[in-house]
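Everything numeric in this text was worked out from a predicted model, so none of it was measured. Side chains included, hydrogens not; waters and symmetry mates left out as well; all remaining heavy atoms used.
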Amino acid sequence: MYPPPEGAPKNEDEWLALPEDSPYREGPEIEELSVSVRDALAEVDDVRLPEVAQRWMDESLSSLYDADYALDLVKEFVALARRAKESDQMLYCWWIPG
């Protein structure tokens with residue numbers, strides 16, 4: 001999505017030749033999540049949400065958030081995925097590499 005994948009460097013030499021301010025080196029990226037990811041999130045049973053939140057805590061969030069915040073985040077993310085699926089829309093991820 002952004003920066004456009006068709007303009008992305010295709011090998012190490014192209015990566016190394018990028019200017020320092022290239023959006024491929026730094027800055028936000030937007031990626032479309034696959035339909036299977038959207039649907040997997042949308043189909044998580046509500047009783048399993050605490051388990052999913054705990055798993056996220058164990059794998060990557062424990063140093064950033066407490067368990068209650070992680071559960072709220074998972075609930076919001078699953079609700080968003082359900083709305084997207086019901087509306088036949090996609091999910092997008094905005095992130096900053098680094």
Side-chain angles (χ1 to χ4, degrees):
M1 305 283 334
Y2 180 83
E6 57 274 0
K10 295 174 181 44
N11 58 48
E12 186 175 355
D13 289 336
E14 289 181 12
W15 276 106
L16 294 173
L18 287 172
E20 287 299 316
D21 63 349
S22 169
Y24 294 100
R25 281 191 181 258
E26 61 180 62
E29 293 185 18
I30 302 171
E31 293 189 28
E32 183 178 79
L33 300 180
S34 69
V35 171
S36 61
V37 169
R38 179 202 66 192
D39 291 352
L41 286 166
E43 294 167 8
V44 172
D45 190 328
D46 287 344
V47 298
R48 293 196 58 224
L49 295 179
E51 175 188 341
V52 172
Q54 185 59 53
R55 203 167 197 191
W56 282 11
M57 287 289 295
D58 293 345
E59 293 178 11
S60 60
L61 297 177
S62 62
S63 64
L64 302 172
Y65 306 108
D66 65 24
D68 290 335
Y69 182 82
L71 180 57
D72 289 342
L73 184 64
V74 167
K75 287 178 179 178
E76 289 179 28
F77 201 31
V78 167
L80 177 64
R82 289 174 180 168
R83 289 192 307 273
K85 183 178 178 183
E86 288 170 7
S87 302
D88 197 29
Q89 298 292 313
M90 300 302 296
L91 292 176
Y92 298 88
C93 181
W94 179 89
W95 62 290
I96 297 175

Colleague: Minimum heavy-atom separation for A53 and V74, please, with both atom names.
Modeller: CA-CG2, 3.7 Å

Colleague: Measure the spacing between CG of L71 and CD of Q54 and express it to the nearest 0.5 Å.
Modeller: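 With rounding to 0.5 Å, CG (L71) is 10.0 Å from CD (Q54).
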
Colleague: Please indicate whether K85 has more than 12 foreign heavy atoms, meaning atoms of other residues, nucleotides or ligands, lying under 6.0 Å from its NZ.
Modeller: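 More than 12 heavy atoms, drawn from other residues, nucleotides or ligands, come within 6.0 Å of this atom.
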
Colleague: Quick one: closest heavy-atom pair of M57 and A70, and the distance?
Modeller: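 Closest approach of M57 to A70, heavy atoms only: SD-CB, 3.4 Å.
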
Colleague: Taking the side chain as everything from C-beta on, heavy atoms only, tell me whether M90 gets closer than 4.5 Å to V35.
Modeller: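 M90 vs V35: side chains touch.
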
Colleague: So, for R82 and V44, which heavy atoms are closest and what is the spacing to 0.1 Å?
Modeller: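 Looking at all heavy atoms of both residues, the shortest contact is NH2-O, 2.5 Å.
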
Colleague: Any donor-acceptor pair under 3.5 Å linking the side chain of R38 with the backbone of D88?
Modeller: no

Colleague: Who pairs with R83 by salt bridge (Lys or Arg N to Asp or Glu O under 4.0 Å), at least two apart in sequence or on another chain?
Modeller: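 Testing R83 for salt bridge (Lys or Arg N to Asp or Glu O under 4.0 Å), a comparison that skips the adjacent residues, returns none.
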
Colleague: With a 4.5 Å cut-off on side-chain heavy-atom distances among I, L, V, M, F, W and Y, is there a chain of contacts connecting L49 to V47?
Modeller: no

Colleague: Quick one: closest heavy-atom pair of A81 and L91, and the distance?
Modeller: CB-CD1, 3.9 Å

